Amino acid sequence: MPPAKRQDHKVAFPLPDFLPAPTGLTLSEPAREVPVVAQCDVVVLGAGPAGVCAAAAAGRAGKDVLLVERHGCLGGMATVAGVNVWHSLLGTDGRTPVIGGLPAEIVERLKRLSAAEETHLHNWIICSETAKFVLDDVVLDSGVKMLLHTHLAGAVRDGRRVAAALVENKSGRGAVRADVFVDCTGDADLVRRAGVETQLGDARGRCQPPSLVARVGGRAADAADLRQVQAELFKSPMDYNGQPYPTFLWGNPSLWDPHEHMLAGTRVVGVNCADAADLTRAEVEARYQLRWLLAEMRHISGWENIHLVDVAAQIGPRETHRILADHQLTRQDILHGRTFTDAIAQGTYPIDVHNPDGPGITFEHLDGTWTRIAGDGSAQHGRWDGGDDGAPPRETLCYRVPYRSLIPRALDNVLAAGRCAGANHDSAGAIRVMVNCMQLGQAAGIAAAMTPAGGNVRDVAGDALRRRLIDAGAPLRDAT
């Protein structure tokens, strides 16, 4: 028998439309009884950095806790999305601890396994794979129950309370009931399923673009700096759509192999990752963008011999829906380090806004300066506070997030932690990083545990919550 003829599967560019077209049709789904698969004190939906800390904190407070996660492991952006950097736990002086509690404990657990290493900027490079083990330990050591490979499908609402979350998994549809629910989905999925209005993206509804992370091997010791690489990549249009390279290229070396590098080298603009069609397009388009990036990088000094080690299992969204909270955190709150009597988290990561429409990124720092990096890698600098270029830096040690920013205005037994907390487009660009999400999660978990059965999350006094967080190792500063 002659050999089968080889088929050529080359993709035509630009990419064809591969998304299903809306039909405009509807059908009626018959009403049905669903089993209550869990009934507990606290249900945490989403097991990224915020969800892990929320569940662990509530479990350690003695509550019966269920953690629901759509992937097969915990960690979200830190594991499934392959992002291997956690930002500094210190203030802007580089000495004073401003983040502790569970974030610091998790870093210490990783360090004991040689899976976390501090950089000269006091950031932490972690092993995303080892983090899967550590986060299992943190959650299970705290007495938390888990359901993995389980998606949130809906919510049953009773007035201002969520009575149950509806979930779907291999066993079918079920309901989970609790006194308090913590929405750590990143996209405010529970709040939206409950029919509550949210804030999407910026004032025009545009979201910061997501990035797909990959790991590559074969990087030479004297390889060109990533800013130089970005400048070279920007010179040629991408093959799959003819557009200029839209990203801010960054990455970190691996802990285990000096020739291996994590690259956050893709960005897909014009998508809302809380929309199924947009998320599908983002995942597929990012992989085509990554193919182009790797091919082009092999023409750049020190990157000629790179090979693909792995591609993250999901793209990393930076921004979608955020709750409308009792206090919506503002740009001024962040940059001026505003104090709150109910402050439950602190941070120093700058306001970081990736251009929703194309190349470029803007950072606004607590020291009063801003930096804007263009698509060609060039940078502009200035001061957001109106000071002269030679003015001394502002001495803001950290910013703070109040408990009220975790409380959806329209609900009484729901908290939201992580990047879907109550913040505006610009301030969200600071608090969305993982060490901040962990703090928000820990605060939400303790607050959920402090809420009496049938009570209102607003009944938790800010000063009492702060004391509990300080007892748990959070170095919260004076609230006045």
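In what follows, every heavy atom counts, from backbone to side chain, and hydrogens, waters and symmetry copies are set aside. Because the structure is predicted, anything quoted here is derived from the model rather than measured.
Proximity of Ile334 to Leu329: side-chain heavy atoms (C-beta onward) are separated by under 4.5 Å at one or more points. Looking at Leu19 and Asp278, their side chains never come closer than 4.5 Å, going by heavy atoms from C-beta outward. In this structure the side chain of Arg331 never reaches within 4.5 angstrom of the side chain of Asn424, judged on heavy atoms. Counting heavy atoms from C-beta outward, Leu397 and Arg477 have side chains that approach closer than 4.5 Å. Between His71 and Thr79 the shortest side-chain heavy-atom distance does not fall below 4.5 Å. The side-chain heavy atoms of Leu263 and Val216, taken from C-beta on, include a pair separated by under 4.5 Å. Side-chain contact between Leu255 and Ser114 is absent, with no heavy atoms from C-beta onward closer than 4.5 Å. Counting heavy atoms from C-beta on, the side chains of Met238 and Tyr245 come closer than 4.5 Å.
A cation-pi arrangement is found for Arg219 relative to Trp303, the charged atom lying closer than 6.0 Å to the ring centre and inside a 45° cone about the ring normal.
Salt bridge absent: Asp225 and Arg227 never bring a charged side-chain N and a carboxylate O closer than 4.0 Å. Classification of Arg109 and Glu105 as a salt-bridged pair holds, one side-chain N sitting under 4.0 Å from a carboxylate O. Ion pairing of Arg432 with Glu319 is absent here, as no side-chain N (NZ or NE/NH1/NH2) approaches a carboxylate O to less than 4.0 Å.
Relative ring orientation between Phe340 and His327 is described as perpendicular, the plane-to-plane angle rising above 60° on a 0-90° scale split at 30° and 60°. In this structure, Phe363 and Phe248 have perpendicular ring planes: the angle between them is above 60°, well past the 30° mark.
Within 6.0 Å of CD on Glu118 lie more than 12 heavy atoms contributed by other residues, nucleotides or ligands. Within a 6.0 Å radius of CD in Glu260, other residues, nucleotides and ligands contribute more than 12 heavy atoms. Residue Gln332 places its CD atom among more than 12 non-hydrogen atoms of other residues, nucleotides or ligands, all under 6.0 Å distant.
Side-chain N or O atoms of Arg206 include none that pairs as donor or acceptor with a backbone N or O of Gly201 at under 3.5 Å. Ser142 places no side-chain N or O within donor-acceptor distance of the main-chain N or O of Val144, the cut-off being under 3.5 Å. Thr362 places no side-chain N or O within 3.5 Å of a backbone atom of Val353 that could act as its donor or acceptor partner. Side-chain N or O atoms of Asp388 include none that pairs as donor or acceptor with a backbone N or O of Gly390 at under 3.5 Å. Between the side chain of Asp333 and the main chain of Thr330, a donor-acceptor pair closer than 3.5 Å is present. With hydrogens and angles ignored, the 3.5 Å screen pairs no side-chain donor or acceptor of Asn123 with any backbone N or O of Val85. Looking at Gln230, its side chain does come within 3.5 Å of a backbone N or O of Gly375 through a donor-acceptor pair. A donor-acceptor contact shorter than 3.5 Å is absent between the side chain of Thr371 and the backbone of His381. Side-chain atoms of Trp250 do not come within 3.5 Å of backbone N or O of Leu226 as any donor-acceptor pair. Side-chain N or O atoms of Glu232 include none that pairs as donor or acceptor with a backbone N or O of Val229 at under 3.5 Å.
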*Please test Leu148 against Asn169 for side chain to side chain contact (heavy atoms under 4.5 Å, CB included), starting from the C-alpha separation and ending with a verdict.*
CA-CA 8 Å; Leu148 301 180; Asn169 56 28; over 6 Å; no
*asked:* Checking Val139 against Leu74 for the side chain to side chain contact (heavy atoms under 4.5 Å, CB included) test, could you report, in this order, the C-alpha distance in whole Å, the side-chain angles of both residues, the deciding distance, and whether it holds?
replied: CA-CA 9 Å; Val139 167; Leu74 310 180; 3.6 Å; yes
*Yes or no on side chain to side chain contact (heavy atoms under 4.5 Å, CB included) for Leu294 and Ile306, after CA distance, side-chain angles and deciding distance?*
CA-CA 8 Å; Leu294 294 175; Ile306 59 170; 4.0 Å; yes
*Apply the test salt bridge (Lys or Arg N to Asp or Glu O under 4.0 Å) to residues Arg419 and Asp187: give CA-CA distance (whole Å), side-chain angles for both, the deciding distance (0.1 Å), then the verdict.*
CA-CA 8 Å; Arg419 64 180 174 83; Asp187 303 316; 3.0 Å; yes
*Verify side chain to side chain contact (heavy atoms under 4.5 Å, CB included) between Thr92 and Thr396, making sure each step is shown before the conclusion.*
CA-CA 7 Å; Thr92 55; Thr396 303; 5.7 Å; no
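Nearest approach of Val435 to Trp86, heavy atoms of both residues: CG1-CB, 3.8 Å. Cys437 approaches Gly418 most closely through the heavy-atom pair SG-CA, 3.6 Å. When all heavy atoms are compared, the tightest approach of Pro103 to Met438 is CG-CB, 3.5 Å. Here the closest non-hydrogen pair linking Ala155 and Leu190 is CB-CD1, 4.0 Å. Ile315 and Cys273 make their closest contact through CG2-SG, 4.4 Å (heavy atoms, listed as atom of the first residue, atom of the second, distance). The two atoms that bring Leu102 and Ala56 nearest to each other are CD1-CB, 4.2 Å, heavy atoms only.
To the nearest 0.5 Å, the span separating CG on Asp376 from NZ on Lys235 amounts to 9.5 Å. Taking CG of Leu249 as the reference point, atom CD1 of Ile361 lies at 11.5 Å (rounded to 0.5 Å). Atom CD1 of residue Ile351 and atom NE2 of residue His425 lie 10.0 Å apart, to the nearest 0.5 angstrom. Expressed to the nearest 0.5 Å, how far CG of Leu335 lies from CG of Leu366 amounts to 6.5 Å. The CD atom of Gln346 sits 11.0 Å away from the OG1 atom of Thr339 when rounded to the nearest 0.5 Å. To the nearest 0.5 angstrom, Leu212 atom CG is 7.0 Å from Arg287 atom CZ.
At a cut-off of 3.5 Å, with distance as the only test, a side-chain donor of Asn84 or Asn252 sits close to an acceptor on the other residue. Thr96 and Asp93 share a donor-acceptor pair across their side chains, judged by distance under 3.5 Å alone. With no hydrogens or angles considered, a side-chain donor-acceptor pair links His336 and Arg394 at under 3.5 Å.
Tested against Ser211, the residues Arg318, Gln289, Arg267, His354 include a single side chain to side chain donor-acceptor pair (under 3.5 Å) partner, Arg318.
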